[in-house]
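Read the numbers this way: they start at 1 and go in the same order the structure lists the ligands and their atoms.
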Amino acid sequence: MATTSPSQQLLEKIVSLAKRRGFIFQSSEIYGGLNGCWDYGPLGVEMLRNLKEAWWRAMISRGDIEGLDASILMHPRVWEASGHVQNFSDPMVDCRECKSRYRVDHLFSEMSEKRLKAISKAANLESALSHTLVMESKDLTKEQLAEVLTSMVEKSSTLFAELVAKELIACPNCGRVGMLTEPRNFNLMFETYIGPVKDAANAVYLRPETAQGIFVNFMNVWQSARQKIPFGICQIGKSFRNEINTKNFLFRTREFEQMEMQFFCKRGMDEHLFESWRETRWNWWLALGMPEHKLRFHPHEKLAHYAKAAGDIEFEFPFGFGEIEGIHNRTDFDLTRHQEFSGKSMQVLDDETKEKYTPYVIETAAGASRGFMAFLCNGYKEETVNGEQRTVLRLHPFLAPIKVAVLPLVNKDGMPELAQSLERDLRKTMRSFYDDSGAVGRRYRRMDEIGTPFAVTIDSDTLHDQTVTIRERDSMQQVRIAMGQVKSYIAERITL
Ligand code: ATP
């Protein structure tokens with residue numbers, strides 16, 4: 001019988017809680033689900049909105065960033081100019097035996113170091129490296145080895161087949177060696193048609209990233225918002241990628257939400273801005289409660305065709321570290337390409353030198369859905385308190401879907417009425433929840449499990465002195481305050 005690892009078990013518990021409590025449902029579940037698509041339930045949608053709000057505020061409150069909401073369908077030439085039609089593909093291989101499909105880079109990144117070294121030897125990696133700046137394979141980390149091997153396979157049409165024939169690469173699912181096909185390039189963009197006729201002339205794509213909506217609107221925003229360079233444009237929205245393998249819950253899905261910001265600057269300022277955005281974004285995750293030891297910055301060895309420098313902020317998911325945000329120095333690549341393809345100028349005037357130039361771009365590209373999952377995973381804790389088990393979601397109060405629960409200690413003596421009236425009042429300014437069913441301890445547990453930071457209890461003392469108990473989720477400490485102060489007490493503690 002297949003056994004699941006502790007990290008898989010942890011992920012399963014998180015997925016199960018997310019479903020049971022209404023954070024995340026499988027898309028079209030009653031029809032068996034749709035791979036790579038998920039629905040946000042009542043609590044999930046609140047938490048996701050809070051996450052996006054935290055990001056939006058951090059961007060807009062600076063004063064040098066403007067917002068945008070571009071359409072998902074764009075002119076097909078956009079994706080030719082951006083390089084997506086030509087380059088946005090992943091080499092993939094199939095297993096002839098069990099029909100599983102893999103991305104080549106994932107195959108390598110999931111191999112053991114020993115296996116990677118054996119493959120490196122067979123692929124004659126040393127001689128390939130002697131043409132580059134990195135001289136010897138022994139200097140490379142496991143991740144770097146996997147990246148270098150992926151790029152060698154991408155460049156050579158026969159290398160992968162040779163490695164498979166030498167029985168060095170097994171199918172991770174069925175374990176058979178020699179059964180993987182040659183890599184084929186698979187474009188990740190979803191195609192659809194504008195109008196009633198389904199032919200190539202009417203084909204459009206669902207955007208695979210939000211960034212291009214910002215680039216093509218650069219001039220519109222610059223001129224209408226009267227910003228001076230350097231300034232940024234930010235956007236939150238859905239993106240679509242026909243991912244080969246969707247796995248690990250919300251981590252890799254076919255429809256997801258991104259929070260992207262492009263900061264336009266003059267060449268020469270780009271390197272400094274890349275570093276400062278890297279720090280700003282890192283601190284944003286920390287401010288929302290990510291512990292530093294669960295994050296790491298992974299600089300890219302292999303740069304995308306447009307990038308001068310790039311790196312990822314990674315979070316330690318139960319299955320290992322994975323990217324939650326990319327920070328890229330895209331140079332003037334995108335604006336130059338759009339200028340070329342559209343024939344419209346993307347140049348601005350330098351006020352001092354009176355020279356025209358095409359701005360450079362520093363991009364911060366975070367995943368709202370992936371970030372959401374990271375916060376769920378980070379928050380999920382099982383604890384024993386006074387000999388009793390509790391599951392608690394330690395979310396930053398700003399992210400918590402419900403901020404406060406109002407509980408009458410017992411269902412009599414006017415306590416429910418008082419609690420309901422307090423809850424109705426709180427509901428006007430924050431998400432609150434009234435609960436009178438079961439023992440108060442169990443009601444606390446139900447709130448802990450969904451990350452509600454505060455619970456207010458109305459008891460018999462409330463009836464004569466108008467005071468209530470407020471219990472805090474993480475410390476479980478209780479304070480007694482006047483009922484009239486509840487709103488301000490909580491409001492102060494749920495801000496960022
Ligand atoms: P990966 O290497 O994991 O495929 P990427 O480098 O292609 O990601 P970017 O194009 O830089 O990702 O996108 C920026 C952010 O968008 C990522 O950091 C991630 O949070 C999110 N993202 C990208 N692809 C997906 C996806 N398929 N599902 C969920 N989120 C995604």
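- With atom 28 (N) of ligand 1 as the reference point, the heavy atom nearest to it among Asn245, Asp105, Thr246, Thr253 is part of Thr253.
- A distance of 6.0 Å separates CG of Leu395 from CZ of Arg473, quoted to the nearest 0.5 Å.
- Between Ile324 and ligand 1, at least one pair of N/O atoms sits closer than 3.5 Å.
- The protein heavy atom nearest to atom 19 (C) of ligand 1 is Arg370 NH1, 3.5 Å.
- Within ligand 1, counting atoms from 1 as listed, the ones closer than 4.0 Å to a heavy atom of His328 are 11 (O).
- Protein heavy atom in closest approach to atom 12 (O) of ligand 1: Glu323 OE2, 3.5 Å.
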### Task
Just do the side-chain hydrogen bond (donor to acceptor under 3.5 Å, both in side chains) check on Gln262 and Glu363 with the steps written out, would you?
CA-CA 4 Å; Gln262 273 70 34; Glu363 163 182 272; 2.7 Å; yes

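- A donor atom on one side chain and an acceptor atom on the other are found under 3.5 Å apart for Thr141 and Gln144.
- Note: an N/O pair closer than 3.5 Å links Gly367 and ligand 1 by distance alone.
- Judged by distance alone, the side chains of Gln258 and Ser239 do bring a donor and an acceptor atom under 3.5 Å apart.
- Contact between Arg254 and ligand 1 is absent, with no heavy atom of the residue lying under 4.0 Å from the ligand.
- The residue among Glu325, Glu209, Arg241, Glu260 with a heavy atom at the shortest distance from atom 9 (P) of ligand 1 is Arg241.
- Remark: minimum distance from atom 15 (C) of ligand 1 to any protein heavy atom is reached at Ala365 O, 3.6 Å.
- Looking at atom 22 (N) of ligand 1, its nearest protein heavy atom turns out to be Phe256 CE1, 3.6 Å.
- Of all heavy-atom pairs spanning Ser89 and Asn185, the tightest one is OG-CG, 3.9 Å.
- Here the CZ-CZ distance, from Phe215 to Phe264, works out to 5.5 Å after rounding to the nearest 0.5 Å.
- The closest donor-acceptor contact from the side chain of Lys117 to the backbone of Lys142 lies at 3.5 Å or more, if one exists at all.
- Distances shorter than 4.0 angstrom occur between a heavy atom of Arg252 and an atom of ligand 1.
- In terms of protein heavy atoms, atom 29 (C) of ligand 1 is closest to Phe251 O, 3.2 Å.
- Of the candidates Phe256, Phe25, Phe372, Tyr40 forms a ring-ring contact (aromatic ring centres under 6.0 Å, His included) with just one, namely Phe372.
- Side-chain contact, Thr150 with Asp105: no donor N or O sits under 3.5 Å from an acceptor N or O.
- When hydrogens are left out, the protein atom nearest atom 13 (O) of ligand 1 is Gln258 NE2, 3.3 Å; that is the closest non-hydrogen contact.
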